[in-house]
There are 2 protein chains.
Amino acid sequence: MQAAVKPEIAVSAHDRVYRGLRTRIMHGQIGPGEALTLRGLGREFGVSMTPAREAVNRLVAEGALQMSSSGRVSTPEPSNERIEELAELRALLEVELASRALPRAHIALIDRLQTINGAIADVVSNRDAVGYIRTNLEFHRTLYLRAQAPAMLAMAETVWLQLGPTMRALYGRLRRTEAPQYHRLIIAALKAGDEPGLRLAVRTDVTQGLRMLAG
Amino acid sequence: MQAAVKPEIAVSAHDRVYRGLRTRIMHGQIGPGEALTLRGLGREFGVSMTPAREAVNRLVAEGALQMSSSGRVSTPEPSNERIEELAELRALLEVELASRALPRAHIALIDRLQTINGAIADVVSNRDAVGYIRTNLEFHRTLYLRAQAPAMLAMAETVWLQLGPTMRALYGRLRRTEAPQYHRLIIAALKAGDEPGLRLAVRTDVTQGLRMLAG
DNA sequence: TGGCACCATCTGTGATCACGAATCCGCAGC
DNA sequence: GCTGCGGATTCGTGATCACAGATGGTGCCA
């Protein structure tokens, strides 16, 4: 939850496993309900069970993984109510983050956002689900970094993490043919300095896809 | 982050340590900047280093503890900017939670809140800082449980956790002579079904003390 | 053919240990 | 008296191991 914001120089074994697993989950490279084992992760990352367990426990604490009563670990399959709640949480946090970023959004940032948006169009045309999720999150993160609100951003990333496996399933169900239109609305609102428009565009961009999945 | 919402029957060693440390931090029984050691915690809870380290790592991930580059663990001393950001986060989340609890708040809940508010008056007159923090959080949690939004409540509790050591320092600085007046405003707004009033009362209750400390 | 019990295997848990690094305390030198 | 230095101590990290419980597959019985 914290490591995402401050990169840290620490490169301990459990950190490698944690980071690797975290991005894998957040980018939707692991489907919902998939099982993981400590020994398997240890082998995969070339470490023993101890750091693997630490990484897994941390991700369980963040809600990115769930643990059965017997200690078995798997990616969660959230209920529709939970998905909808997480989407509301995204809206709540990200609207605030965008709103705080607005007064600091100069032209260089907007250019960068437009570049990322172009990259999204590329991965979409390739039907690359993981690439789409990664680039989409990069768009949002780039904007929110300007808000200078690390704790808030960390919370938003925790929500992304919990939605990772679901987003992948969502992408498969959505017939997506172009870059998200709401990103263009976000950029337009940033250019115009239009705060109400920005809040609405972010909220819509964040909730529309997930609401379709949950409903 | 999750364990707070679903009590779980699991009573593993690292869970005992985690829960014990967590409530101790959240209730302000540990001052800011205080150091902890794995071996010390292990001795204290009667377990070895392994479960102690798991509990500590989890709390570090939640921002309740900080870890130096050499792995030393201590409670964080947040900067004023961070305190203010966490207060804003509390406002954002708790206003939403209260607003969602409002339509479900029947008379039994309001009675319970009034009882808790009475208990706050007691601990305040005893100058019992830990008791004050605990009872105050119980007031908020009781209300928010009605929102039926577990993920949102878990996030709010994570923020409380991060503010735990600071709240203790705050209490010592504040010359508090009576139960918080804004709690009475919250109860009044609940009785009247007045949503804007409720939102304002919660926001004020949550931010006033911390803003005083940070500012 | 379908269901059930049993056993081999796999899984997480926690204690212990060796290792390297950081910290702390006291002592000597200025 | 104060600062800088060196060694003893303490610290976190990660590997290994024994153990208990769950899991899953196989063969037997109805």
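Computed from a predicted model, the values in this text were never measured in an experiment. So you know, we letter chains A, B, ... as the sequences are listed, proteins then strands, and number each from 1.
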Mind listing the side-chain donor-acceptor pairs of residues 142-151 of chain A below 3.5 Å, one per line with the distance, residues two or more places apart or on another chain?
residue, atom, partner, partner atom, Å
Thr142(A), OG1, Glu138(A), O, 2.7
Tyr144(A), OH, Glu94(A), OE1, 2.6
Tyr144(A), OH, His140(A), ND1, 2.8
Arg146(A), NH2, His106(A), NE2, 3.2

Apply salt bridge (charged side-chain N to carboxylate O under 4.0 Å, His left out) to residues Arg100(A) and Glu88(B) and explain how you reach the verdict. CA-CA 12 Å; Arg100(A) 289 181 177 225; Glu88(B) 275 302 317; 3.6 Å; yes
In Å and rounded to the nearest 0.5 Å, what is the CD to OH distance from Gln208(A) to Tyr182(A)? 5.5 Å
So does Arg39(A) pair up with Glu44(A), basic N to acidic O under 4.0 Å? no
Got a sec? Which of residues 29-44 of chain A come in under 4.0 Å of DNA chain C, heavy atoms? Leu36(A), Thr37(A), Leu38(A), Arg39(A)
Nearest whole Å is fine: how far is dT13(D) C1' from Asn57(B) CG? 10 Å
Might you work through the salt bridge (charged side-chain N to carboxylate O under 4.0 Å, His left out) test for Glu85(A) and Arg90(A), ending with a clear yes or no? CA-CA 9 Å; Glu85(A) 192 191 341; Arg90(A) 277 200 67 178; over 6 Å; no
Using a heavy-atom cut-off of 4.0 Å to chain B, what are the terminal contacting nucleotides of DNA chain C, in 5' to 3' order? dG14(C) to dT23(C)
Does Thr75(A) use its side chain to pair, donor to acceptor, with the backbone of Gly33(A) at less than 3.5 Å? yes
Once you apply a heavy-atom cut-off of 4.0 Å, does Thr50(A) come out as touching a base, just sugar-phosphate, or nothing? base
With respect to Leu59(A), which candidate in Gln66(A), Met67(A), Arg22(A), Glu54(A) satisfies the side chain to side chain contact (heavy atoms under 4.5 Å, CB included) definition? Arg22(A)
Go nucleotide by nucleotide along DNA chain D from the 5' end; which of Val73(B) and Met49(A) gets its closest nucleotide reached first? Val73(B)
Please determine whether a side-chain nitrogen or oxygen atom of His14(A) lies at a distance below 4.0 Å from atom OP1 or OP2 of dG14(D). yes
Is the side chain of Glu62(B) donor-acceptor paired with the backbone N or O of Ala61(A) at a distance under 3.5 Å, no angle test? no
